[in-house]
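Down below is the structure, laid out as structure tokens.
Reminder, nothing fancy here: chain letters follow the sequence lines and each chain counts from 1. All values below were derived from every heavy atom in this structure, side-chain atoms included, with hydrogens, water molecules and symmetry-related copies excluded. Please read these numbers as outputs of a predicted model, since none were measured by experiment.
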There are 2 protein chains.
Amino acid sequence: MSWELKSDRPIYTQLIEQLELRICSGIYPPGSRMPSVRDLAREASVNPNTMQRALTRLEEDGLLHTSRTSGRFVTEDINLINQTRNKLAQEQVRIFLKGMSDLGFENSEILSILTDTVKEWSI
Amino acid sequence: MSWELKSDRPIYTQLIEQLELRICSGIYPPGSRMPSVRDLAREASVNPNTMQRALTRLEEDGLLHTSRTSGRFVTEDINLINQTRNKLAQEQVRIFLKGMSDLGFENSEILSILTDTVKEWSI
DNA sequence: ATTATTGTATTAAGGCCTTAATACAATAAT
DNA sequence: ATTATTGTATTAAGGCCTTAATACAATAAT
């Protein structure tokens, strides 16, 4: 998975989302060691300071913890990870339904559009 | 409908989205006259320059046109408005499915989550 | 013991966004 | 004819974000 950073929002907020995503989807497994700040920054083509800023946020949320000089580690609290995953999913759903509703689509329409799109995707 | 401007993205991009939304959902009907730049700016609590920047963009897309000193008007091209509405809707769907997929949800799960959420909302 | 790697902190520069204050041109309204 | 309202343009200031260049402390690796 690439980092897909766009210029329409602050990079550090996008990094936060990407990192959350990678932890929630198991790319960085529970308890595993994260790449160093410098490595992550190089990988995402951003300044180490910017990556650090994002990592600090994940730490505040408890998804990461730091062991001074041996690096950062993903939490082993699977419960927290799952809660985060569900929180992110619900947020996606909420934004989607709000957006479609604002465009004037009825619930029934939304469901049928989605069903159709999913079918097309899976063909 | 209030303007709901957040600070996590440039305001002018949010204004563009809001204005598109209002045209597509009929709040500003086809052919109708828009409030003046200054009035819109006051309404959204932003600087006239910022509102102007957003309006210029809508104009480039053909959703608005200007009649020098009598104001801006919404296009009468209902076809264009509908195309825009569908484009925005498809974009919502695409982002939603991408987001849920990145979180590791299967298509079937996505559909059932959405169905459930819609049911809860309508209770 | 020494070295390399880790996270962390600081400072300066530049860029984009937003606001604010003005001003001007065109024309509808009077 | 005059006035008010419209869109439009310009300039300066401040804020946040990002990068870049450094430096330091702690400790794992050697």
Side-chain angles (χ1 to χ4, degrees), chain A residues 2-20 22-23 28-76, chain B residues 2-20 22-23 28-76:
Chain A
S2 65
W3 288 86
E4 304 175 15
L5 299 174
K6 299 179 181 176
S7 60
D8 66 338
R9 282 186 309 150
I11 293 178
Y12 84 98
T13 56
Q14 298 183 60
L15 291 176
I16 291 171
E17 292 172 2
Q18 289 280 326
L19 291 167
E20 282 178 339
R22 285 159 185 243
I23 291 174
Y28 300 137
S32 68
R33 184 182 177 282
M34 297 283 289
S36 74
V37 184
R38 292 168 178 82
D39 283 347
L40 283 171
R42 203 173 314 140
E43 203 185 309
S45 302
V46 300
N47 190 277
N49 294 342
T50 309
M51 183 58 76
Q52 166 85 3
R53 185 171 177 181
L55 289 167
T56 301
R57 173 61 165 278
L58 277 271
E59 211 147 338
E60 290 169 0
D61 294 342
L63 287 172
L64 296 179
H65 58 87
T66 298
S67 185
R68 198 53 176 103
T69 62
S70 58
R72 275 195 181 75
F73 296 84
V74 179
T75 182
E76 297 184 4
Chain B
S2 64
W3 288 86
E4 305 176 15
L5 300 175
K6 299 180 180 176
S7 60
D8 66 339
R9 282 187 308 150
I11 292 177
Y12 84 98
T13 57
Q14 298 182 60
L15 291 177
I16 290 171
E17 292 171 3
Q18 289 279 326
L19 291 167
E20 282 178 339
R22 285 160 185 242
I23 291 174
Y28 300 137
S32 68
R33 184 181 177 284
M34 297 283 290
S36 74
V37 184
R38 293 168 176 82
D39 283 348
L40 283 171
R42 202 175 314 139
E43 202 185 309
S45 302
V46 300
N47 191 277
N49 294 341
T50 308
M51 182 57 76
Q52 165 86 2
R53 186 172 176 179
L55 289 167
T56 301
R57 173 61 165 277
L58 277 271
E59 211 147 337
E60 290 168 2
D61 294 341
L63 287 171
L64 295 178
H65 58 88
T66 298
S67 185
R68 198 53 176 104
T69 62
S70 59
R72 275 195 181 75
F73 296 84
V74 178
T75 181
E76 297 183 4

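Residues A:L19 and A:L55 have side chains in contact (heavy-atom distance under 4.5 Å, counting atoms from C-beta outward). Looking only at side-chain heavy atoms (C-beta outward), A:V46 and A:L40 stay at 4.5 Å or farther from each other. Counting heavy atoms from C-beta outward, A:E17 and A:R9 have side chains that approach closer than 4.5 Å. At a threshold of 4.5 Å between non-hydrogen side-chain atoms, the residues A:Y28 and A:M34 count as touching. Contact of the A:S32 side chain with the A:F73 side chain is not registered, since no non-hydrogen atoms from C-beta on lie closer than 4.5 Å.
When each of C:dT8, D:dC17, C:dT6 is scored by its nearest atom to the side-chain atoms of A:R72, the top-ranked nucleotide is C:dT8. The side chain of A:T66 lies closest to C:dT8 when the candidates are D:dG7, C:dC17, C:dT8.
Atom CZ of A:R57 has 12 or fewer neighbouring heavy atoms from other residues, nucleotides or ligands inside a 6.0 Å radius.
In this structure, B:H65 atom NE2 and D:dG7 atom P are separated by 13 Å, rounded to whole Å. Rounded to whole Å, the distance from CG on A:L40 to P on C:dT6 is 11 Å. Atom P of nucleotide D:dG7 and atom CZ of B:R57 are separated by 20 Å, given to the nearest angstrom. Rounded to an integer number of Å, the gap from CE of B:M34 to P of D:dT8 is 12 Å. If you take CG of A:L55 and C1' of C:dT8, they are 12 Å apart, rounded to a whole angstrom. Per the geometry, CZ belonging to A:R9 stands 17 Å off C1' belonging to C:dC17, to the nearest Å. Here the P atom of nucleotide C:dC17 and the CE atom of B:M51 are 17 Å apart, to the nearest Å. A straight line from CG of B:L15 to P of C:dC17 spans 13 Å, rounded to a whole angstrom.
Of all nucleotides present, only C:dT8 satisfies the Watson-Crick or G-U wobble test against D:dA23, with each distance under 3.5 Å. The pairing partner recorded for C:dA13 is D:dT18, the criterion being a Watson-Crick or G-U wobble arrangement whose two distances lie under 3.5 angstrom. In a base pair of the Watson-Crick type (N1 to N3 plus N6-O4 or O6-N4) or a G-U wobble (N1-O2 and O6-N3), with each distance short of 3.5 Å, C:dT30 is matched with D:dA1.
A donor-acceptor pair is defined here as one N or O able to donate and one able to accept, closer than 3.5 Å; such a pair exists between the side chain of A:S36 and the backbone of A:D39. The backbone N or O of A:V37 sits nowhere less than 3.5 Å from a side-chain atom of A:Q52 that would complete a donor-acceptor pair.
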Produce the list of close N/O pairs, under 3.5 Å, pairing protein atoms with atoms of nucleotides 25-30 of chain C; give distances to one decimal.
residue: C:dT27; atom: O4'; partner: B:T69; partner atom: OG1; Å: 2.6

Enumerate the protein-to-nucleotides 20-22 of chain D contacts in which both atoms are nitrogen or oxygen and the separation is below 3.5 Å.
residue: D:dA20; atom: N7; partner: A:N47; partner atom: ND2; Å: 3.2
residue: D:dA20; atom: N6; partner: A:N49; partner atom: ND2; Å: 2.6
residue: D:dA21; atom: N6; partner: A:N49; partner atom: ND2; Å: 3.4

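B:R38 is linked by a side-chain hydrogen bond (donor to acceptor under 3.5 Å, both in side chains) to nothing, counting only residues two or more places apart in sequence or in another chain.
The distance from the CH2 atom of A:W3 to the CZ atom of A:R22 is 4.0 Å, given to the nearest 0.5 Å.
Residue contacts shown for B:R38 include a base, since a base heavy atom lies under 4.0 Å away.
For A:R33 and C:dT6, the shortest distance from a side-chain N or O to OP1 or OP2 is below 4.0 Å.
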